[in-house]
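One structure is given below, encoded as structure tokens.
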Amino acid sequence: MDAPESILLVCVGNICRSPMAEAFLQKRLPHVKVSSAGLAALVGDGADPGAISAMAQLKMDISSHQARQVDAAMLAEAHLVFVMSLAQKSALEKKYPWVRGRVFRLGEWDRFDIDDPVGLSPEAYVRARCLIEQGCDSWTAKLRTYE
Amino acid sequence: MNSNTNEMTIKDLLKLVWESKWLILLCTLIFGIGGVLFVESVKPVYKVDALVQLEVAKDSKALNPLGAMADMFNVASPAETEIEVIKSRMVLGRVVEKLHLNVVVTPLGHGPWERLNKIPRPILQVERFDVPEGSQGRGYFVKVLAKNQLVISDEFQQQVGRFNAGEQVDSSLNMAHIGIFVSKVNALEGQVFKVRRLELSEAIGSLRNDLNVAEVGKKTGIIGLALEGFDPVLASKILNEIANAYLTQNVERRSAEAQKTLEFLDGQLPQIKASMEMAENRLNRYRLQVGSIDLTEEAKIALGQQVEVRQALFNAQQKRKEAMQLFKEDHPNVRTQDSIVKAIESQMQTRDHSVYKLPLQQQQIVRLMRDVQVGTELYTTLLNNAQQLRIVKAGEIGNVRIVDYALPKKTPITPIKPLTETIAVLFGLFLGIAIAVVRRFMRSGIEDHRIIDKELGLPTYASIPHSKEQDMLQNKVRRREIGVHLLAITHQDDLTIEAFRSLRTTLNFSMMDAANRILMIAGPSPSIGKSFVSANFAAVLAQTGKNILLIDGDMRRGHLQQYFGLKRNMGLSDVLTERAILERTIVSTGVQGLSLMTTGTVPPNPSELLLHSNFSLMLECLIPMFDYIVIDAPPVLAVTDALIIGKLSGTTLMILKHGQHPFGEIQLCAERFTHAGVVVKGVVMNDVAENSLGDEKYHYGYRYGKQG
């Protein structure tokens, strides 16, 4: 299989989990176009402060992120779509039946959902960040085997 | 559709209605038209009504010259009784006979079609129709030969005779003893009428069926008469006749009592007259014999008294006789009269004795003159009474009044056109929805991929939406036009093709561990889009720069070459039967990187060919030549071919048409694969309908607050 040319990361608000995942994945797959969007995005908002500080601990900057709403064109353009949970996967597949097959959980290979840390303690943000990083690592390893 | 719970929500129903709108519309239209045709073709029934008032005859006393005596003639009947009288054979029989209702004329060949086309009903007015005894109820046929020329034949089509309208045909003039008089003909030449003479009872019975008599309200003394019939004019005529017949019989019944008394008086009169004349004769004879005699004052008084008492006696006797007409002997009225008679009789004896004191001649003359005077007085009294009764009888108007006569109505009671049509339309609408619902439950095709995943452990790899463009392409395929008719080529941006790309992505992962790069596309039944999926998916695969071979594995009915505008030529079957070398059967399709192997010559034994080692040898040769081999397999539930191919394929996909397959069918298909040792990787749901009512909005619990 060819390495995917573009990857879309989807969560709900596109201000916390997906921007973090976007940053991790883009760093690991520099030649792939990585972007993110939300199922019910707070369009135009910047990244969540909690997420920014959690990422800052790893010297990664996501403060320039701007939330956008997922649409059919984005989904059609992406070769792979990663979501944070099974619920998001089925929501996406219900609204856009044709995306079934290119949508995967970020934690698919270790079978975990990544819960939303927004509004919770900084520890929760760090926990979510770790899971996201783990998912990105698994997927990067998977995708590299095809190259 | 929430097939999980088998419940139907309003939303599901609305969606179903929308999806089956053409069926429902068709159903509604059919029933609507049917309803209109029905109301236009059915014989309209008209209803006419009349009102009759029963008068409690209190006020008639004032008009009655006999005053209190009139009480005897009053017969107050409650409405129920009168209703039965109206429905009696006595009243209805008169109407039937007067209006010839026992002759039934039916024009033949005037049915719903003629009514629909507003062709007027042919008319044959039969005033009289006499048939021999025992032939009542039999059908005779009257045919119109020319204007006013008629021919009548019996039930066996045996001609009885010719006659003209307006001509009296006497029953003694023909062999069949049929008498007929037709007053009016209004029909085309050749029109045949069926004429039946009903038995009186039958005619009355049918009239009674159509007649409805009931008291209006409670104890109002007003009786409503209603009659239903096909001809409003005739119906009102009949109803008025019924009202009149009832009125007549009522008057007759009331005057009947006066009549009875009158008859009694009339019987008495000649007798009294005779005895009066006899007494006169006797007096005259005596006067001639003895010459003229002057009565003394004393004799005059005796005479007056005797006449008076005799008159009283006669009156008493008369009253007793009258009472005897109405009452039995031991009735108080009769007894009172009896005692009065006795009292007068004893008084008369004492009066008679006083006469004996007079001289003999005077006695004789008083007796004779008394008889004459009494006789004359009695006769005059009776005559007076008789006259008075005649006046009573003539003044009798009955206690019934016709308030309203029937008027022919223009609007029929059935069919009520707008109502019937509305009901028909609504019924059609309802039936359409019902059919749609039943069809849905009958089909109960699986629409929810989760059921397949849950029950059979088969994940759904992709959902291919229905594509309108594909419908147009399919026509080109069917017409075998030249050129590539693949959606994946002609409409690369179509969401349907995006779905194929999604399938490609997911297969990338799942085919990683597969034994080989052969992908079999199979499905339970024919016509579910296996070829469409195979061809388009092969093209989508080829678009990534890979070398793809598409094999049409359906050696019975395969037609993959049509998608590429190619001919069948040499193909799979020819390789397997070693009639062609492998390289010659692989043709390029006009799609970059995509080659095709058609089914080849249709063989008599496809399954056997696949079982032959040639097939596995062929695949072994092909594997190194291509990156992927896609095989379009025949239906699993029809033939075993797919199971044979499946064993050699690294990956098997089951194609299902959305909502088309009952669960059992999918289950059976999956079981066949399992028994054959073929592992089905996943399901591709084809032809997923667009959610026309819009899908649920994303309800995922959104917990973000607006934070700054």
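Note that this is a predicted model, so its numbers are computed, not measured. Chain A is the first sequence line, chain B the second, and so forth, proteins listed ahead of strands; every chain is numbered from 1.
- B:T505 contributes a side-chain N or O that, together with a main-chain N or O of A:H79, makes up a donor-acceptor pair within less than 3.5 Å.
- In the displayed structure, B:D471 atom CG is contacted under 6.0 Å by more than 12 heavy atoms of other residues, nucleotides or ligands.
- Scanning all heavy atoms of the two residues, the minimum distance from A:G101 to B:T506 falls at O-CB, 3.0 Å.
- Side chain of B:R501 to main chain of A:A76: no donor-acceptor pair is present (N/O by atom type, distance under 3.5 Å, no hydrogens or angles).
- Atom NZ of A:K27 has 12 or fewer heavy atoms from other residues, nucleotides or ligands within 6.0 Å.
- Taken from CG in B:N508 to NZ in A:K142, the straight-line distance is 12.5 Å, to the nearest 0.5 Å.
- Of the atoms belonging to B:T496, not a single heavy atom falls under 4.5 Å from chain A.
- The heavy-atom pair separating A:P97 from B:S463 by the smallest distance is O-CB, 3.5 Å.
- Counting only heavy atoms from C-beta outward, the side chains of B:V688 and A:W98 never approach each other to under 4.5 Å.
- At most 12 non-hydrogen atoms from other residues, nucleotides or ligands lie less than 6.0 angstrom from CE of B:M472.
- Side chains of A:R100 and B:M685 form no contact here, defined as non-hydrogen atoms less than 4.5 Å apart.
- Contact of A:Y96 with chain B is not made at all, since no heavy-atom distance falls under 4.5 Å.
- Of the listed residues (B:L507, B:L503, B:L495), the one with the most heavy-atom contacts under 4.5 Å to chain A is B:L495.
- Atom CD of A:Q57 has more than 12 neighbouring heavy atoms from other residues, nucleotides or ligands inside a 6.0 Å radius.
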